[in-house]
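Worksheet: the structure to be examined is printed underneath.
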Amino acid sequence: MNAPHASRYHEVYARWQSDPAGFWAEAAEAIEWIKPPQQIFDADAGVYGRWFPDATCNTCFNALDRHVRDGRGAQPALIYDSPVTGAKASYSYAEMLDEVATLAAVLQDFGVGKGDRVIIYMPMIPEAVFAMLACARLGAVHSVVFGGFAAKELATRIDDAAPKLILTATCGIEPTRVVEYKPLLDGALALATHKPDTCLVLQRPQADASMHVSRDKNWRSLVAAAKTAGRKAGCVEVAATDPLYILYTSGTTGRPKGVVRDNGGHLVALKWTMENLYGVKPGEVFFTASDVGWVVGHSYIVYAPLLHGATSVLYEGKPVGTPDPGAFWRVIAEHKVVALFTAPTAFRAIRKEDPQARHLAGHDLSQFRALFLAGERADPDTLKWAEEVLRVPVIDHWWQTETGSCIVGNPLGLGLLPVKHGSPTVPMPGYAVECLNEAGKPVPPGTMGAIVIKLPLPPACLPTLWQDDQRFREAYLTAFPGYYNSSDAGYIDADGYVFIMGRTDDIINVAGHRLSTGGMEEVLASHPAVAECAVVGIRDALKGEQPCGFVVLKAGVSEGPEQIERELVALVRERIGPVAAFKLALTVNRLPKTRSGKILRATMKKIADGEDYAMPATIDDPAVLDEIGAALKGRGIG
Ligand code: COA
Ligand code: AMP
């Protein structure tokens, strides 16, 4: 597809390159500060510098109060659409402000204030959004944990964030089952060393929960009482550099990384993207089909649309099966959505069930302007299919939890550049993206290498990891001095288009969900029958990748391999959660290794994916690869 109009992209990118501080100072004018920034960037502060070091602000004020004050009070801020429960609701900006300010007053009653951490373990319901904004209002630091994680993962996050309070609901709803959250939370609190004083529990009609007498409080009755008393909390002034939230994401071990987001940089960068990247105007409806537990949900279900005065759709359902592959088209038509943002997996799922897109019939999509995809590589096939059936631009864009918004994209608001399928297009202002070889030298156009970002990172990117500057440096800044290492491999072509081909570490992407194979290996290795193991991500037509665990059993294990394999699948589900989608454990006699004992995971992946591979020169015993191939063939893989 070609660009319909001349794009302003090159001019705007060049403006940023020539004067980054001037560019961000101008972008910062769209934010209502308490104390506007005098200094835009302090290169000497923090690990690699800090944005807007002398400014103060409140994120919730910019998301709600200012819009109500400026006449947007009656406009819908949030549309809740839940095919899994049959519920629908709409909250105007004025109603949202009421809900958020009241909940914030309740949180204050439990002593929550500036800098305190609050864990939010909630499904896709409006109260999850209220909770995030209520924390922002108080200057408290929220950490949302995705509902598909198990008790142990939640416990790890509780111990790292040390929250004063936890907000939860009695359940989440998956199409095939009700996921009771309270037993998971109780399990997590039993495992965690840190014990928060209070848990606020929202009773949903689909599940009840037993309450711990002194610790657990009834959310609804406390909010109702605060409403009756007319109690509301005001916005607390915070430094632009104060943390807004911590979002844990998979690292290379079972210990997740606590990505920190600041207030000021996040406000400025996200607001800029709404108009310039997504091409959305205040008052229009934006639909991000993700989850508030992921960065895409933080940025584009909650913060950016509200900062922009747009209306955001909160969708509690799936792309297919709730009730059919026309679910997204129904939501787009019914709520007059102008742009949809989701993961390519969602479109693979829709295409699989409805290849002719018959479910589009009868839905008026005349106001729908663009589809944005991110979270995993958008395969050209799926992308072209979406273009053909929707007849609007389909825009792949690349980002990471760490960056909080898009690194490489095609800016609809500035005017689209011609699309090259398979490339998310070009770096956004703020990002100097380069491709380096292992020695840290730039590679020629079209040559694969490590995709890196020249420091400093722009506003909205993580300033550090929660209370761990050292881990931040080691994980991101040490491999290529002067650069942020994205841990993605790819290439940049002669036109400056960036192609992202896959991770260089042991992170895999399953249905747009970022998972650590190292974390899964830790779980498998903890089984008493397992001598050694390796988990690799193997190709999956729907989810992009799926984890496959190879295990070598200890001598003398009495249970049969099938029994152990079943136990291992259950163990990963119990320890990491259903989101790990770990369904494939394979018992083998040996793992392929180099003579120095390094497991050849990349070769195992190639065998599973049916790709050609070069025999590693350092392999200890080539026959092991045949055994791996045979084990996979036995399951119809490879
Ligand atoms: N709470 C509890 N469990 C959850 C959950 C949640 N919030 N989200 C997912 N799960 C469970 C699922 O029920 C499933 O469990 P199962 O093994 O019992 O079937 C498991 O975790 C894996 O979920 P998922 O990988 O999402 O697979 P799925 O088969 O349920 O759905 C798709 C497949 C394609 C429909 C779904 O993955 C999808 O909508 N993907 C879009 C991805 C996305 O939004 N990514 C966010 C980043 S932009
Ligand atoms: P997350 O932090 O969960 O957003 O996952 C980030 C990772 O997802 C990146 O490092 C990439 O590996 C992958 N990813 C996200 N968006 C894209 C994209 N548009 N193209 C290719 N890979 C992507």
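Numbering of ligands and ligand atoms starts at 1, following listing order.
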Look at atom NZ of Lys152 and say whether more than 12 heavy atoms of other residues, nucleotides or ligands are closer to it than 6.0 Å.
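Counting neighbours around NZ of Lys152, 12 or fewer heavy atoms of other residues, nucleotides or ligands fall under 6.0 Å, so no.
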Within a distance under 4.0 Å of any heavy atom of [X], pick out the atoms of ligand 2 and give their elements.
| X | answer |
| --- | --- |
| Asn509 | 8 (O), 13 (C) |
| Arg503 | 9 (C), 10 (O), 12 (O) |
| Arg377 | 20 (N), 21 (C), 22 (N), 23 (C) |
| His397 | 16 (N), 18 (C), 19 (N) |

Trp294, portion touching ligand 2 at heavy-atom distance under 4.0 Å:
neither
Using side-chain contact (heavy atoms from CB on, under 4.5 Å) as the criterion, point out the one residue from Ile173, Leu184, Thr170 that pairs with Val179.
Leu184
State which residues pass salt bridge (charged side-chain N to carboxylate O under 4.0 Å, His left out) with Lys606; sequence neighbours excluded, sorted by chain then number.
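Per chain and number, Lys606 pairs via salt bridge (charged side-chain N to carboxylate O under 4.0 Å, His left out) with no residue.
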With a 6.0 Å cut-off on ring centres, are His142 and His298 close enough?
yes
Looking only at the aromatic ring of each residue, does the gap between the centers of Phe328 and Phe287 stay below 6.0 angstrom?
yes
Compute the shortest N/O to N/O distance between Gln400 and ligand 2 and return yes if it is under 3.5 Å, no if not.
yes
In the protein, which heavy atom is nearest to [atom], and how far is it?
| atom | value |
| --- | --- |
| atom 10 (O) of ligand 2 | Asp488 OD2, 2.5 Å |
| atom 1 (P) of ligand 2 | Thr401 OG1, 3.4 Å |
| atom 5 (O) of ligand 2 | Arg514 CD, 3.5 Å |
| atom 18 (C) of ligand 2 | Glu376 O, 3.3 Å |
| atom 16 (N) of ligand 2 | Gly375 N, 3.1 Å |
| atom 6 (C) of ligand 2 | Trp399 O, 3.6 Å |

For ligand 1, output the ligand-protein N/O contacts shorter than 3.5 angstrom; if there are none, return none.
| from | atom 1 | to | atom 2 | distance (Å) |
| --- | --- | --- | --- | --- |
| ligand 1 | 1 (N) | Gly147 | O | 3.4 |
| ligand 1 | 1 (N) | Gly148 | N | 3.4 |
| ligand 1 | 10 (N) | Glu174 | OE1 | 3.3 |
| ligand 1 | 13 (O) | Glu174 | OE1 | 2.5 |
| ligand 1 | 13 (O) | Arg177 | NH1 | 3.1 |
| ligand 1 | 17 (O) | Arg573 | NH1 | 3.0 |
| ligand 1 | 17 (O) | Lys583 | NZ | 2.9 |
| ligand 1 | 18 (O) | Arg177 | NH1 | 3.1 |
| ligand 1 | 18 (O) | Arg573 | NH1 | 3.4 |
| ligand 1 | 18 (O) | Arg573 | NH2 | 2.9 |
| ligand 1 | 21 (O) | Pro578 | O | 3.4 |
| ligand 1 | 25 (O) | Lys543 | NZ | 3.1 |
| ligand 1 | 27 (O) | Lys543 | NZ | 3.0 |

Pair Arg539 + Glu611: basic N to acidic O under 4.0 Å
yes
Ionic contact status for Lys384 with Glu388, cut-off 4.0 Å:
no
Does a donor on one side chain sit under 3.5 Å from an acceptor on the other, for Asn410 and His397?
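Judged by distance alone, the side chains do not pair up.
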Do Arg261 and Tyr245 pair up side chain to side chain, a donor and an acceptor below 3.5 Å, judged on atom types alone?
yes
Please confirm whether Arg473 makes a cation-pi placement over Tyr48, using NZ or CZ under 6.0 Å from the six-membered ring centre and within 45° of the ring normal.
no
Checking salt bridge (charged side-chain N to carboxylate O under 4.0 Å, His left out) for the pair Glu174/Lys318: CA distance, chi angles, key distance, verdict?
CA-CA 9 Å; Glu174 285 297 287; Lys318 301 271 173 176; 2.9 Å; yes
Matching residue for Arg348 among Asp354, Asp379, Asp540 - test: salt bridge (Lys or Arg N to Asp or Glu O under 4.0 Å)
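Considering Asp354, Asp379, Asp540, a salt bridge (Lys or Arg N to Asp or Glu O under 4.0 Å) with Arg348 is found only for Asp379.
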